[in-house]
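Okay, structure first, notes after.
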Amino acid sequence: MSSVPRRTVLGAAAAVSALAGLPATASAAPATPSANKPLALPGGGDLGPNVIVFDPSTAGIQAKLDQIFAQQETAQFGTGRYAFFFKPGTYSGLNAQLGFYTSIAGLGLSPDDTTINGDVTVDAGWFNGNATQNFWRSAENLALVPVSGTNRWAVAQAAPFRRMHVRGSLNLAPNGYGWASGGYIADSRIDGQVQPYSQQQWYTRDSVIGSWLNGVWNMVFSGVQGAPAQGFPNPVYTTLATTPVSREKPFLYLNGTEYRVFLPEKRTNASGVTWGNGTPRGTSLSLSQFYVAKPGVTAATLNQALTQGLHLLLTPGIYHLDQPIQVNRANTVVLGLGYATLVPDNGVTALKTADVDGVRLAGFLIDAGTVNSSTLLEVGPAGTTTDHSANPTTVQDVFVRIGGAGAGKATTSMVINNRHTIVDHTWLWRADHGTGIGWDTNRADYGLVVNGADVLTTGLFVEHFNKYDVQWNGERGRTIFFQNEKAYDAPNQAAIQNGSIKGYAAYKVGDNVTVHEGWGLGSYCYYNVAPTIVQHNGFAAPNRSGVKFHDLLVVSLGGQGQYEHVINETGAATSGTSTIPSTVVSYP
């Protein structure tokens with residue numbers, strides 16, 4: 001995401017140091033040799049040097065937090081990856097400032113098991129008070145008692161705030177109320193007021209809030225108790241009483257001294273948090289049932305672990321893949337910690353799943369390699385029609401980056417073929433700044449392509465692709481909240497021409513689709529390389545009664561390019577240099 005002025009190019013790199021915390025181990029399953037097979041891989045084990053675990057008696061917690069923050073604060077395209085975990089108990093006098101690729105979480109079953117009398121802070125001092133590049137950091141499963149009564153969480157994309165209990169208020173803007181453009185909250189309780197201030201758009205799901213202060217362009221709520229009433233476009237609130245289907249992200253926790261991964265159950269028409277009455281509903285797995293992967297492991301080894309029946313826990317770091325990770329078994333969990341990053345080499349796909357029930361993919365980043373990949377993530381094989389409604393695949397906090405850290409290429413970032421898949425919070429980003437960027441240098445035509453029927457996306461962020469950012473071919477698809485920017489760097493009108501149509505829509509519903517619905521969708525343009533570019537519309541869909549949209553907007557940022565319409569031939573053109581949305585409340 002960006003704002004006016006355009007993001008400044010940053011090329012900071014991080015020095016990587018191995019930092020040991022308290023030991024994080026689990027019992028390992030015994031290895032069993034075989035005459036015909038490689039030695040069986042063990043489950044469980046040490047979580048590695050970049051998973052740093054504290055308990056209330058640990059000395060020097062603040063110093064360790066500060067050390068990592070100093071390293072990661074400006075390391076937007078660096079290689080450092082870190083996860084802080086706090087064992088259940090009470091901690092006082094802490095301010096955990098989070099930089100790039102840093103996650104913080106509690107190790108209880110409930111956020112209230114782990115209380116920090118202090119703050120978990122994201123601010124933008126490193127970028128002169130502009131929070132639009134505060135990507136790739138997360139907070140989960142903690143209770144906070146902010147020192148001032150208000151915790152600051154001034155983030156942009158790929159920065160989830162999950163299973164958090166703020167015993168006070170939450171400020172989503174940077175100090176000084178500079179540019180801000182996030183963001184995502186789920187399964188959280190904020191006792192006081194959520195204060196977006198300058199945040200341009202935000203999505204909150206299945207949570208409880210005391211109140212909500214304001215909105216700029218696009219504030220969307222589903223299943224949020226205490227949410228403001230529906231009001232789009234003035235005020236800019238899109239409010240759904242419930243979320244149609246949701247299943248919270250898996251998370252690591254401690255059961256006594258044993259590490260386990262909790263798997264929350266699916267909810268339909270959900271509202272409020274999953275943990276409000278104590279222990280959340282779901283099942284759990286021992287860490288001994290996971291292959292605990294470390295950077296440097298091969299894709300062949302990861303696939304061997306999956307073939308053995310183990311799940312995957314990706315510890316923080318960067319993983320180069322010379323073949324796809326292939327998930328073939330139902331109910332497999334692939335969980336990343338600390339923004340574990342998959343880099344597909346030689347044009348391969350990073351991860352593929354079979355046509356099976358209940359796969360859970362969560363908490364990792366895919367960084368496109370220098371050789372073009374046709375796809376980066378594929379959920380299910382092409383053409384499948386299997387019903388997975390009882391136990392869908394979930395894709396949560398799985399992010400894709402093409403360029404920025406180097407010249408990456410991928411024709412399509414994420415393809416969803418399996419029916420009933422839930423994509424809950426993703427950011428698919430063709431980089432607009434960093435290294436290895438340019439109209440053809442980090443070429444990426446499509447962000448999300450949905451071929452499967454009955455797919456739901458909640459919290460969908462897709463930006464800067466060369467053609468369609470989202471192309472939705474499956475029937476009965478639904479999206480709650482969409483945030484998009486068209487590619488900044490189109491060199492001229494001809495470069496984006498789509499047949500006789502001026503530009504590719506940000507969100508395109510296939511011509512043969514008969515049923516589709518979306519709520520709270522926004523697209524922005526900033527054609528600063530060729531400001532005279534005209535984009536015909538932000539959204540394109542068949543004009544039929546079963547295809548419905550609610551609360552749409554398009555914005556020209558400072559007049560750098562213009563939209564002629566919002567959706568199809570409907571909605572007014574954007575207005576010159578005025579950064580004022582053109583809106584459509586209901587379509588058709």
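Less than 6.0 angstrom separates the ring centroid of F221 from the ring centroid of W212. For Y203 and H425, the ring centers sit 6.0 Å or farther from each other. Ring pair F481/W519: centre-to-centre distance not below 6.0 Å. A centroid separation of 6.0 Å or more is found between the aromatic rings of H550 and F232. With ring centers used as reference points, Y184 lies 6.0 Å or more from W202.
The two atoms that bring W275 and D187 nearest to each other are NE1-O, 2.9 Å, heavy atoms only. Minimum interatomic distance between F461 and G183 (heavy atoms only, all atoms of both residues): CZ-O, 3.6 Å. Counting all heavy atoms, side chain and backbone alike, S188 lies closest to V273 at O-CG1, 3.4 Å. Listed here is the closest heavy atom pair of T243 and S222: OG1-OG, 2.8 Å. Here the closest heavy-atom approach between residue V224 and residue T204 is recorded as CG2-O, 3.3 Å. Closest heavy-atom contact between A293 and L314: CB-CD2, 3.9 Å.
Of the N and O atoms on the side chains of Y101 and T79, not one donor lies less than 3.5 Å from an acceptor on the other residue. A donor and an acceptor atom, one from each side chain of W427 and E463, are located under 3.5 Å apart. Donor-acceptor pairing under 3.5 Å is recorded for the side chains of Y524 and Q201. Donor-acceptor pairing under 3.5 Å is recorded for the side chains of Q71 and Y82. For the residue pair Y91 / T114, no side-chain donor-acceptor distance below 3.5 Å is found, with atom types taken as modelled. In the model, T150 has no side-chain atom that pairs as donor or acceptor with a side-chain atom of Q195 under 3.5 Å. Side-chain contact annotation: D469 with H464, donor-acceptor N/O pair under 3.5 Å absent. For the residue pair T274/E248, the side-chain donor-acceptor check at 3.5 Å is not satisfied. Side chain to side chain, S271 and T242 fail the donor-acceptor criterion of an N or O pair below 3.5 Å. A donor and an acceptor atom, one from each side chain of D123 and W126, are nowhere located under 3.5 Å apart. No side-chain donor from either of N214 and Q199 sits under 3.5 Å from a side-chain acceptor of the other. R260 and S284 share a donor-acceptor pair across their side chains, judged by distance under 3.5 Å alone. Checked by atom type, the side-chain pair T58/D55 shows a donor-acceptor distance below 3.5 Å.
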Test log, rule side-chain hydrogen bond (donor to acceptor under 3.5 Å, both in side chains), inputs S103 and E140:
CA-CA 8 Å; S103 298; E140 299 185 49; 5.8 Å; no
Could you walk me through whether F364 and L351 pass side chain to side chain contact (heavy atoms under 4.5 Å, CB included), step by step?
CA-CA 11 Å; F364 55 89; L351 190 149; 4.2 Å; yes
Side chain to side chain contact (heavy atoms under 4.5 Å, CB included) for R478 and V455? Distances and angles first, verdict last.
CA-CA 6 Å; R478 292 175 290 183; V455 171; over 6 Å; no
I'd like to know whether I318 forms a side chain to side chain contact (heavy atoms under 4.5 Å, CB included) with V343, so could you lay out the CA-CA distance, the side-chain angles of the two residues, the decisive distance to 0.1 Å, and finally the verdict.
CA-CA 7 Å; I318 297 174; V343 182; 3.8 Å; yes
Check the pair T341, D367 against side-chain hydrogen bond (donor to acceptor under 3.5 Å, both in side chains), reporting the backbone distance first and the verdict last.
CA-CA 7 Å; T341 302; D367 209 353; over 6 Å; no
Go through the steps to decide whether T457 and T479 satisfy the test side-chain hydrogen bond (donor to acceptor under 3.5 Å, both in side chains), and finish with yes or no.
CA-CA 5 Å; T457 60; T479 292; 2.7 Å; yes
For a side chain to side chain contact (heavy atoms under 4.5 Å, CB included) check, start with the C-alpha distance between V166 and D191, then their side-chain angles and the critical distance, and finish with the verdict.
CA-CA 6 Å; V166 180; D191 293 346; over 6 Å; no
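By the 4.5 Å heavy-atom criterion applied to side chains, L428 and M414 are counted as neighbours. Side-chain contact check for V470 versus L460: some heavy-atom pair is nearer than 4.5 Å. In this structure, the side chains of R152 and N175 come closer than 4.5 Å at one or more pairs of heavy atoms. By the 4.5 Å heavy-atom criterion applied to side chains, T583 and L552 are not counted as neighbours. In this structure the side chain of L361 never reaches within 4.5 angstrom of the side chain of T394, judged on heavy atoms. Taking the side chain as every heavy atom from C-beta outward, T393 and I422 never approach each other to under 4.5 Å. Between K266 and S246 there is no side-chain heavy-atom pair separated by less than 4.5 Å. Between C525 and E485, the closest side-chain pair of non-hydrogen atoms is not below 4.5 Å.
The pair K249-D397 counts as a salt bridge, with a side-chain nitrogen and a carboxylate oxygen less than 4.0 angstrom apart. Of the charged side-chain nitrogens involved, at least one lies within less than 4.0 Å of a carboxylate oxygen, so that R267 and D206 count as a salt-bridged pair. Between D112 and R167, at least one side-chain nitrogen of the basic residue sits less than 4.0 Å from a carboxylate oxygen of the acidic one, meeting the salt-bridge criterion.
Checking side-chain atoms of S138 against main-chain N and O of P160 turns up no donor-acceptor pair under 3.5 Å. With Y339 contributing its side chain and R137 its backbone, the two residues share a donor-acceptor pair below 3.5 Å. A donor-acceptor contact shorter than 3.5 Å is absent between the side chain of N134 and the backbone of A156. Checked by atom type and distance alone, the side chain of N141 pairs as donor or acceptor with a backbone atom of G106 at under 3.5 Å. Under a 3.5 Å cut-off, the side chain of R430 and the backbone N or O of G447 do not form any donor-acceptor pair. Side chain of T90 to backbone of T115: no donor-acceptor contact under 3.5 angstrom is found. A side-chain donor-acceptor contact under 3.5 Å links D113 to the backbone of S110. With hydrogens and angles disregarded, no donor-acceptor distance shorter than 3.5 Å links the side chain of Q97 to the backbone of T121. Without hydrogens or angle criteria, Q200 side chain to S181 main chain gives no donor-acceptor distance under 3.5 Å. Judged by distance alone, with hydrogens and angles left aside, the side-chain atoms of T421 form no donor-acceptor pair with the main-chain N or O of I416 at under 3.5 Å.
Taken from CG in L553 to CH2 in W217, the straight-line distance is 8.0 Å, to the nearest 0.5 Å. Note that the CD atom of E73 and the CG atom of D66 stand 11.0 Å from one another [nearest 0.5 Å]. Note: D551 CG to N218 CG = 8.0 Å, rounded to the nearest 0.5 Å. Interatomic distance, H433 NE2 to T132 OG1, rounded to the nearest 0.5 Å: 8.0 Å. Rounded to the nearest 0.5 angstrom, I104 CD1 and L65 CG are separated by 6.0 Å. Remark: D119 CG to S148 OG distance equals 6.0 Å, nearest 0.5 Å.
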